[in-house]
Enquirer: 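One structure coming up, written as structure tokens, with questions to follow.
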4 protein chains.
Amino acid sequence: MAKKTGEKYQAIIDAAVRVIARQGYYSAQVSKIAKEAKVADGTIYLYFENKDDILISLFNEKMGQFVETNRKRISEATTIEQKLYVLIHAHLSQLSMDQDLAKVTQIELRQSSPIISEGIGNVMKQYFHLIDEVIVEGMEQGVFRSDLEVRITRKMIFGTLDEVTTSWVMKQCKYDLVSYVDSIHNLFLLGMKGKE
Amino acid sequence: MAKKTGEKYQAIIDAAVRVIARQGYYSAQVSKIAKEAKVADGTIYLYFENKDDILISLFNEKMGQFVETNRKRISEATTIEQKLYVLIHAHLSQLSMDQDLAKVTQIELRQSSPIISEGIGNVMKQYFHLIDEVIVEGMEQGVFRSDLEVRITRKMIFGTLDEVTTSWVMKQCKYDLVSYVDSIHNLFLLGMKGKE
Amino acid sequence: MAKKTGEKYQAIIDAAVRVIARQGYYSAQVSKIAKEAKVADGTIYLYFENKDDILISLFNEKMGQFVETNRKRISEATTIEQKLYVLIHAHLSQLSMDQDLAKVTQIELRQSSPIISEGIGNVMKQYFHLIDEVIVEGMEQGVFRSDLEVRITRKMIFGTLDEVTTSWVMKQCKYDLVSYVDSIHNLFLLGMKGKE
Amino acid sequence: MAKKTGEKYQAIIDAAVRVIARQGYYSAQVSKIAKEAKVADGTIYLYFENKDDILISLFNEKMGQFVETNRKRISEATTIEQKLYVLIHAHLSQLSMDQDLAKVTQIELRQSSPIISEGIGNVMKQYFHLIDEVIVEGMEQGVFRSDLEVRITRKMIFGTLDEVTTSWVMKQCKYDLVSYVDSIHNLFLLGMKGKE
DNA sequence: CATGAATGAGCATTCATTCAT
DNA sequence: TATGAATGAATGCTCATTCAT
């Protein structure tokens with residue numbers, strides 16, 4: 001029923017990011033999103049099932065691009081150390097470039113509506129898988145310790161990047177997020193490399 | 001005006017944890033919390049300013065204990081490695097023992113209402129400070145690398161523990177969270193210790 | 001934001017007069033007004049800011065017509081005595097024709113909410129001004145004593161008409177209000193005319 | 001059940017006048033009146049049936065004294081002109097001396113709750129009767145026209161005094177109400193005296 | 001496809017009143 | 001008498017969603 005393409009579809013998604021970043025998901029009325037998208041209230045429902053569906057679609061759309069971009073940039077790196085570096089850099093730089101989106105993903109999407117969690121899960125799995133790939137490749141190449149537990153290591157990586165970003169959002173994005181890349185990379189490498 | 005002590009105060013907080021864990025904050029009607037606490041609707045407002053205040057008080061009350069317990073247990077450890085171990089263990093074991101509370105802190109409290117963020121900030125700062133203390137002590141003792149950046153390292157630690165817990169909550173607390181302690185401890189130690 | 005025209009706007013105002021006359025302002029639930037107007041509760045808020053705004057709008061709408069009608073009828077009278085007569089007659093006859101409205105204006109609108117007082121003040125000023133004009137004209141023509149104090153005289157006129165009407169409303173509108181016109185006219189004329 | 005005497009009874013009534021003058025009847029919570037009277041909430045209900053009863057009792061208590069004072073002062077006057085003068089003077093001067101009370105009687109008591117109207121009616125009747133007596137006496141003495149209609153004349157007198165006072169209250173009691181006495185007296189006399 | 005007026009279910013909060021102490 | 005903690009009914013208002021045009 002809901003048509004998930006077209007110029008207005010994009011306009012609504014972009015409007016939703018702005019309004020939700022500004023007001024929070026629960027305070028972001030559908031009518032305000034419609035207004036921001038220069039579209040009638042009813043039009044929203046030609047493209048989305050309901051309000052939750054806006055949030056889910058928004059996340060999948062934006063996070064899908066995010067994952068795709070990260071994947072591509074990682075694949076362009078050669079050494080495993082570079083891949084890890086690029087992973088960190090791409091994560092932080094992408095979010096620091098779209099602060100409204102960062103606010104929405106770091107804060108607003110941490111809500112419990114099971115429907116939202118479900119809708120979101122798939123893309124997140126892809127991202128987790130992408131991180132896992134880097135870890136496994138590093139282990140196979142003997143760069144990372146062979147006894148690393150992939151899932152835990154991935155949670156450390158994602159958890160750290162996520163915490164760093166959330167903390168930056170909570171502090172109003174006042175400092176330069178990307179400047180953390182080197183330190184984080186270094187910290188991870190030490191933890192993941194075997195001792196010589 | 002709102003009396004923040006007494007048996008009913010506690011009963012309401014505990015009821016709120018259960019109801020919010022079950023339904024999520026926005027779907028948790030005040031009247032349902034009252035019912036769960038076996039108290040009249042109006043009684044809630046003798047102890048709390050408003051619905052937000054329930055969430056904030058709940059967090060401060062529970063998280064205050066959490067931080068206090070962790071601090072105490074850490075102070076009882078002797079070596080710095082043990083302290084780090086206890087920090088991880090206390091974090092995960094405490095949350096894994098009260099799954100309703102874990103659900104609320106990991107999911108429901110990640111909302112953006114500036115009022116809630118503010119009300120929560122203080123206790124979180126204390127916890128961050130506690131982690132920082134361990135890191136700094138380890139550096140001073142020469143156990144951790146002297147070039148660690150405290151803030152980033154703390155974000156790695158907290159971010160990892162938080163991600164591990166959130167992930168566990170999202171998967172319905174189906175597995176044993178505490179079993180991760182050793183791996184995480186090991187991972188952190190490697191990242192934080194100096195290279196020999 | 002609130003659209004102050006249209007068929008539903010009128011329907012709501014008329015319904016409000018009836019419900020408020022029946023129950024009093026504070027006991028008149030918005031939902032009852034909506035039901036009486038055959039409109040959904042929420043529709044009220046497309047046309048009015050809030051409950052107070054219904055009362056204010058109602059008054060301005062109805063009292064605006066009242067003042068306009070009185071002004072027109074006075075202007076059609078020729079002698080000053082006739083104008084005074086018409087003023088009295090128009091006041092009493094209009095209110096006696098719409099008893100629900102009379103009840104609302106005489107009783108319900110005498111409340112202190114400063115917001116309501118403000119919203120009402122403007123129309124009342126116009127009416128007071130209309131009375132003043134008649135008094136001044138009579139003085140200029142030498143029909144009324146030249147030492148009349150306009151403001152006090154106007155308060156006598158308005159106060160008397162108001163008291164007569166309130167008293168009639170309080171007694172359930174059981175007698176004929178208009179039959180008082182001659183006596184009142186006579187009483188005023190004697191007080192206002194110069195002594196010979 | 002409710003004990004209508006005693007020091008606390010008076011304290012509550014006086015507190016009610018102040019609180020209602022300040023906030024209006026509907027916004028004046030019983031608990032605030034209790035606080036102002038330095039009495040527990042429940043104590044109110046040892047002296048009054050319910051909130052309406054406070055308003056009614058307050059009015060009867062205060063207005064009873066008002067009528068009594070006026071009656072006494074009128075009876076001390078000798079000529080009928082003086083009696084009319086004293087009537088006007090006593091009305092305005094008493095209310096201008098207690099502005100809180102004036103606010104309550106002129107504004108807050110004009111509400112429609114039939115229970116309140118009833119409770120109030122009796123004292124008002126006494127006051128109306130007092131005015132009537134002056135009018136009738138004047139007619140019998142041949143000072144006032146023999147064709148005066150007592151009820152209408154009384155409504156003119158009461159209506160004028162009431163309007164003058166309400167208007168003064170609405171303008172924040174900024175000017176001297178008593179200074180109107182002479183003009184009003186003069187105006188009434190001319191209207192009520194026979195033509196020579 | 002698009003509109004936006006209309007809908008009506010849903011909910012936090014207040015406050016007069018009670019009653020065990 | 002006096003207290004004040006507890007009660008719970010009552011209601012204005014919001015806003016996601018629909019549907020006639």
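A, B, ... follow the sequence lines: proteins, then strands. Residue 1 opens every chain. Keep in mind it's a predicted model, so treat the numbers as computed, not measured.
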Enquirer: May I have all residue pairs that pass salt bridge (Lys or Arg N to Asp or Glu O under 4.0 Å) and include part of residues 18-34 of chain D, sequence neighbours excluded?
Expert: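 Of all non-adjacent pairs touching residues 18-34 of chain D, those that pass salt bridge (Lys or Arg N to Asp or Glu O under 4.0 Å) are D/R18-D/E36, D/R22-D/E36.
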
Enquirer: Do we get A/K51 above A/Y25's six-membered ring, with its NZ or CZ under 6.0 Å from the centre and within 45° of the axis?
Expert: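 Verdict for A/Y25: a cation-pi partner in A/K51.
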
Enquirer: Where the side chain of B/N60 meets the backbone of B/G119, is there a donor-acceptor pair that is under 3.5 Å apart?
Expert: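 Yes; at least one donor-acceptor contact below 3.5 Å.
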
Enquirer: B/K32 has an atom NZ; how far is it from atom P of E/dA12, in whole Å?
Expert: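 Result: 10 Å.
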
Enquirer: What contact category does B/F48 fall into here, base, sugar-phosphate, or nothing, at under 4.0 angstrom with non-hydrogen atoms?
Expert: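 No contact at all - B/F48 keeps every heavy atom at 4.0 Å or more from the nucleic acid.
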
Enquirer: With respect to the side chain of B/K51, which nucleotide from E/dA16, E/dC1, E/dA12 is positioned closest?
Expert: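 From the listed options, E/dA12 comes nearest.
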
Enquirer: Can you list the steps and then say if D/I54 with D/I13 is a side chain to side chain contact (heavy atoms under 4.5 Å, CB included)?
Expert: CA-CA 7 Å; D/I54 302 178; D/I13 291 222; 5.8 Å; no

Enquirer: Let's go through D/E108 and D/Y26 carefully: what are the C-alpha distance in whole Å and the side-chain angles of both, what is the deciding distance for side chain to side chain contact (heavy atoms under 4.5 Å, CB included) to 0.1 Å, and is it a yes or a no?
Expert: CA-CA 9 Å; D/E108 297 307 327; D/Y26 274 94; over 6 Å; no

Enquirer: Consider the side chain of C/T43, meaning its heavy atoms from C-beta on, and name the nucleotide among E/dT7, E/dT3, E/dA12 that approaches it most closely.
Expert: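 Nearest to the side-chain atoms of C/T43, counting from C-beta on, is E/dT7.
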
Enquirer: Quick one: sort the C/Y47 and C/Y9 rings into parallel, tilted or perpendicular, breaks at 30° and 60°.
Expert: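 Plane angle between 30° and 60°, so tilted.
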
Enquirer: Could you tell me whether C/K62 and C/D14 make a salt bridge, using a distance below 4.0 angstrom between a side-chain N and a carboxylate O?
Expert: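 Salt bridge present between C/K62 and C/D14.
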
Enquirer: Hey, which of these two, C/D41 or B/V39, hits DNA chain F nearer its 5' end, going by closest nucleotide?
Expert: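 The 5'-side residue here is B/V39.
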
Enquirer: Does the distance from a Lys or Arg side-chain N to an Asp or Glu carboxylate O, for A/D53 and A/K4, drop under 4.0 Å?
Expert: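 Yes, charged N to carboxylate O under 4.0 Å.
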
Enquirer: How many whole angstroms separate atom NZ of A/K38 from atom P of E/dC1?
Expert: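 Going from A/K38 (NZ) to E/dC1 (P), I get 22 Å.
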
Enquirer: Between which nucleotides of DNA chain F, read 5' to 3', does contact with chain D run, using atoms under 4.0 Å from its heavy atoms?
Expert: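 The footprint of chain D covers F/dT1 to F/dG4.
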
Enquirer: Between B/A40 and C/S31, name the one whose nearest nucleotide on DNA chain F is closer to the 5' end.
Expert: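 Mapping each residue to its closest nucleotide by heavy atoms, the 5'-most match is B/A40.
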
Enquirer: Would you mind reading off the distance between B/N50 atom CG and E/dT13 atom P, rounded to a whole angstrom?
Expert: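 So the two atoms are 5 Å apart, to the nearest Å.
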
Enquirer: Checking B/T43 side chain against B/V39 main chain: does a donor-acceptor pair fall under 3.5 Å?
Expert: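 Checked: no pair found.
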
Enquirer: Provide, to the nearest angstrom, the distance between the OH atom belonging to A/Y45 and the C1' atom belonging to E/dA2.
Expert: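 Those two atoms, OH and C1', are 15 Å apart.
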
Enquirer: How many Å lie between CG on D/D52 and C1' on E/dC15, as a whole number?
Expert: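 Distance, rounded to whole Å: 14 Å.
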
Enquirer: D/K35 has an atom NZ; how far is it from atom C1' of E/dA16, in whole Å?
Expert: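 In whole Å, E/dA16 C1' and D/K35 NZ are 17 Å from each other.
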
Enquirer: Specify the separation, in whole Å, of atom CD1 of B/I33 and atom C1' of E/dA12.
Expert: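 Roughly 11 Å, once rounded to whole Å.
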
Enquirer: On DNA chain E, compare the nucleotides closest to C/G42 and B/V30; which residue's is nearer the 5' end?
Expert: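 Upstream on the strand: C/G42.
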
Enquirer: Please report, rounded to the nearest Å, how far the C1' atom of E/dA2 is from the CD1 atom of A/I44.
Expert: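 Going from CD1 in A/I44 over to C1' in E/dA2 covers 12 Å.
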
Enquirer: Once pairs are restricted to Watson-Crick or G-U wobble with both distances under 3.5 Å, how does DNA chain F read as a dot-bracket string, [ ] for crossings and | for other-strand pairs?
Expert: .||||||||||||||||||||

